[in-house]
Amino acid sequence: MCLAVPARVIELLEEDRATVSLGGVKVACSLALVEGVAVGDYVIVHVGYALSKLDPEEAERTLALLAETGTGTLPPASDAA
Amino acid sequence: MSVAGAGLEGGVSVRLTTADGRVRAVSVQVRRPAAARALCGRTPEEAMRLVPLLFSLCGTAQSLAAAEALEGALGLNARPHAPARALLADAEAATNHAWQVLIDWPARLGEAPRPRELAALRAAAAALHPALYPARDGLRPGGGSLRPDRAALAAAIAALREGVERTVFAAPFPTDAAELERWAGAAGTPAARLMRRVLAPDMAGFGACRVPALEPHPAGWFGERLSADAAFSEFPRQDGAPAHTGPLARRSAHPLVAALLSTHGPGLAAHAAARLVELADLAKRLASQADRLKDAEPASDPGRTGHGVGSGAVETARGRLAHWLRLDNGRIADCRIVAPTEWNFAADGPLAAGLAGAAADEGLAERAGLLVAALDPCVASTITIQNED
């Protein structure tokens, strides 16, 4: 069961890609599934794809909730298929 | 690709140890977030607001399972909303199958993924909720104000169906094994090429095992087990044994899938065909489901005191998802969820059993990757192969 962890867009890259900050870790992801994403926006990322844009309030609420329940503190995995 | 932050959303790690040309040991581990815990202490309204925020891919199914569980606990009768809910669940399942077929399968074939095509399908599916419930309140316990907008529904369903037919099948979907082979050889879609790949002799039966299918148990079956044992959500069992859930478990009686099962067993070919059969069927049946919809009102509140237990179960693309919860003084005192990934990626589940004893040659990594994809974890996965020769 995957969890929707909000990630903040920190840099737009070529070919519809972006660097996002996911729990403090910089990750590259594709923006091909979402439209109109700008630096500073929050997106939900699933296996390398930004799925949807969140309003900042919603994102903060989710992040606070994840922190509260301890689900946001798992150590990062090294890579993924 | 590096997805360093994947730790936050969980992950599946598969470790294979090989010796003398065989897989000698298999370890499958699921790291899952304790998402159900986030719902404890919340009121039903708060919980229902959080569920779609917490779950990215299966937000509708998770919301429907939670709503059904809350309805049980609150004594709400939401039966008039069942057809609209089935439509929403089916559309989400179709887009999740499409994710695998348009993103994951091309990657397995070394081709470019097709996110644009997937984005169009996701947009069509997302248009259904407002077309059914103008106030977007359909996922509330007791249901919302169901006022189907026939024109908007027909447009969204047509876009979904047309998109699936064009990007996945590009031809009438085969109905028997001989047609499947012809389609796989001729059609120019990633789905056809993947099917051709898994029909190869070294692939078709790969991963076949004796782990039985999870039966379509009612919500109460899951509720009894989740309530009796908190560990059931991480280590679920059917008759004391592991089970597999998902398209193959649901579609094994379809003539095309049955033919592949009898020739190759429950391996890669049967898994892939079952997913395609189900995707074709979902895309087709949305329209007839929409035709049967009638207006409905939210269930009236019987005024219970806010104590009670309830369970909910929904078929998702990956398999059967179930929730159980207990309400105390109007708040969720306990909430437990068992998701398909826990069945399919159990330490002794269908992935582990399907990989045990497999031939260990240079094609093992590809075949193991395809089997992981067939069982479709909802989190990122890694496969490590260690040779002890």
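FYI, side chains are in, hydrogens and waters are out, and symmetry mates aren't considered; it's all heavy atoms of this structure. Residue numbers begin at 1 in each chain, while the letters A, B, ... track the order of the sequences. Computed from a predicted model, the values in this text were never measured in an experiment.
Each of B/A119, B/P115, B/G59 has some count of heavy-atom pairs under 4.5 Å with chain A, and the biggest count is that of B/P115. Of all the listed residues (B/V372, B/V12, B/L53), the one sharing the greatest number of non-hydrogen pairs under 4.5 Å with chain A is B/L53.
In this structure, the portions of A/L51 lying under 4.5 Å from any heavy atom of chain B include both its backbone and its side chain.
Looking only at side-chain heavy atoms (C-beta outward), A/H46 and B/V379 stay at 4.5 Å or farther from each other. Using a 4.5 Å heavy-atom cutoff, the side chains of B/W99 and A/V47 are in contact. Residues B/R116 and A/D16 meet the side-chain proximity criterion, which asks for heavy atoms closer than 4.5 Å.
Residue B/I103 holds its CD1 atom at 5.5 Å from CG of A/L33, rounded to the nearest 0.5 Å.
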